[in-house]
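Quick notes on the structure that follows.
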Protein chains: 2
Amino acid sequence: MKWMEVTSTQEKILQAAKTLMLSKGYPATTVDEICAKAKVSKGSFYHAFSSKEELGVSLLEWYHQGGTEKIFGGSFNEVKDPKKKMLEFLDHVDRSSKELWHDGCLLGNLGMELAETSPKIRLEVSSHFKKLTHRLEAIFEPAAQSKAANGGYSAKELAEQFLVMLEGSIVLARVNKDWGVVKRGFQNFRAHLQSLSQ
Amino acid sequence: MKWMEVTSTQEKILQAAKTLMLSKGYPATTVDEICAKAKVSKGSFYHAFSSKEELGVSLLEWYHQGGTEKIFGGSFNEVKDPKKKMLEFLDHVDRSSKELWHDGCLLGNLGMELAETSPKIRLEVSSHFKKLTHRLEAIFEPAAQSKAANGGYSAKELAEQFLVMLEGSIVLARVNKDWGVVKRGFQNFRAHLQSLSQ
DNA sequence: CATACTAGACCAACTAGTCGGTTTAGTCAA
DNA sequence: TTGACTAAACCGACTAGTTGGTCTAGTATG
């Protein structure tokens, strides 16, 4: 899929697929359903995407792109002091979290559902997580310590811990229908980083 | 399902369903597939369970029962000192983690996939998580602090953090095919509790 | 005989994907 | 402006195979 030229049909399909797959997962979401929601015919669907799996891959790319723009696009970028910047980043993501992940995380959803059955999609998700880790590392640097330090973590480890907290709290929040889990997750992680960067 | 009398047919079906649903998820696992793997006819299946969804509910109950036995059944129970007991519990679960969750967690899997489409199963999962939280609370008590304490957490919050760490690291481990994520999760959580209980 | 269980053919509904044909938008010559 | 030509986008009935679930005909055991 050439990202310089996402047609409106593709966009409609992607948006519909995103909503449906966040709600019901990949296998339970049918192509017909996506077409109905996107108000697009079956023919148009298979003109825009060669298969359901290819839609999945494109969807992950599109979702990741949109997500990172929101996550890494806040005003915290202007802050010069790295430690302040880090904490403002956390506040920014915390504030955006409900909008971003209230219905779940597509990377986590599709990754889990298709990890064993679609290597293509598993690798796609894995690569997106790695890209995220990389961008988070740069931000969490102020809280990182050389690995010799007792109780200290590298920036990479902190990025991993952040993603673990995010995906884990999304699971519990959905299952228990209690968004507070995510809020507390952010709060705790903030305290964690703050104590490390003192 | 009366748990005093799980027939061997039910057991075979539950075991097959567990393996298949951990690997491919609930909707992608077909009844025919389960029958084939369990070496049971379709007639027997629908004699043992009234529907696929009822199998799902029973499976969660069975899985939870077996899981808690392994999690809370280690020798750490003999330890008298609460703090020591807590740390030995963590070591015990850490050691058992690969056996327990290498292919994922059924509670997390089914909970996520069916949260929006099957209220019955979502509630079932939610209730199992609550039971787990309760039992964890008792164990993490030594690291708990009255909520007034700065940077302190209640036992309930610690139990939640543990489940968040567990579910989150299982997601990343499966997607990245790197079990180290879970190992590091346990390690970090251990350090977290230890620093809180000093 | 009666009850519990098993077998697998069968069904209506649904699935991803196809295919012949139509519409739309743009290009170019006259 | 007009009309001929083209190519991409679009349409939805259709296909071949699969789905969860049913049903009748059995078998084993008391």
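Note on naming: letters A, B, ... go to the chains in the order of the sequence lines (proteins, then strands), and numbering restarts at 1 for each one.
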| said: Counting only side-chain heavy atoms from C-beta out, which of D:dA9, C:dA16, C:dA7 sits nearest to B:S44? | reply: C:dA7
| note | Among the nucleotides D:dT22, C:dT18, C:dT6, whichever has the atom closest to the side chain of B:K42 is D:dT22
| What is the minimum heavy-atom distance between B:V182 and B:A173, and which atoms define it? | CG2-CB, 3.8 Å
| message | What is the distance, to the nearest angstrom, from the CZ atom on B:F45 to the C1' atom on C:dT6? | response | 15 Å
| How long is the line joining CG of B:L114 and C1' of D:dG20, in whole Å? | 15 Å
| said: What is the distance, to the nearest angstrom, from the CG atom on A:D32 to the P atom on D:dT18? | reply: 18 Å
| When you look at NZ of A:K39, are more than 12 heavy atoms from neighbouring residues, nucleotides or ligands closer to it than 6.0 Å? | no
| said: By the 4.0 Å heavy-atom rule, please label A:S50 as base, sugar-phosphate, or nothing. | reply: nothing
| remark: Checking D:dG21, C:dT18, D:dC11 against the side chain of A:S41 (C-beta onward), the nearest is D:dC11
| request: Could you please name the option among C:dG17, D:dG20, D:dA9 that lies closest to any side-chain atom of B:Y46? | output: D:dG20
| Looking at B:T30, does any N or O in its side chain come under 4.0 Å of the phosphate oxygens OP1/OP2 on D:dT18? | no
| remark: Of all heavy-atom pairs linking B:F89 and B:I71, the shortest is CE1-O, 3.6 Å
| Length of the CG-P vector between A:L20 and C:dA16, whole Å | 12 Å
| Value in whole Å for how far the C1' atom of C:dA7 lies from CD1 of B:I13 | 13 Å
| said: Could you tell me how far apart A:Q10 (CD) and D:dA8 (P) are, to the nearest whole angstrom? | reply: 14 Å
| request: Carefully, step by step, assess B:H128 and B:K131 under the rule side chain to side chain donor-acceptor pair (under 3.5 Å). | output: CA-CA 5 Å; B:H128 289 315; B:K131 278 184 250 165; 3.2 Å; yes
| query | Pick the nucleotide of DNA chain C nearest each of B:V40 and A:A28; which residue has the one closer to the 5' end? | reply | B:V40
| request: Let me know the distance between CD of A:E11 and C1' of D:dA9, rounded to the nearest Å. | output: 17 Å
| From B:D94 CG over to B:Q187 CD, what is the distance, rounded to the nearest 0.5 angstrom? | 8.0 Å
| Rounded interatomic separation in angstrom, taking CD from A:E33 and P from D:dG12 | 18 Å
| task | Kindly point out which of D:dG21, C:dC5, D:dC11 is positioned nearest to the side chain of B:K52? | result | D:dG21
| Any A:H47 side-chain N or O less than 4.0 Å from OP1/OP2 of D:dA9 | yes
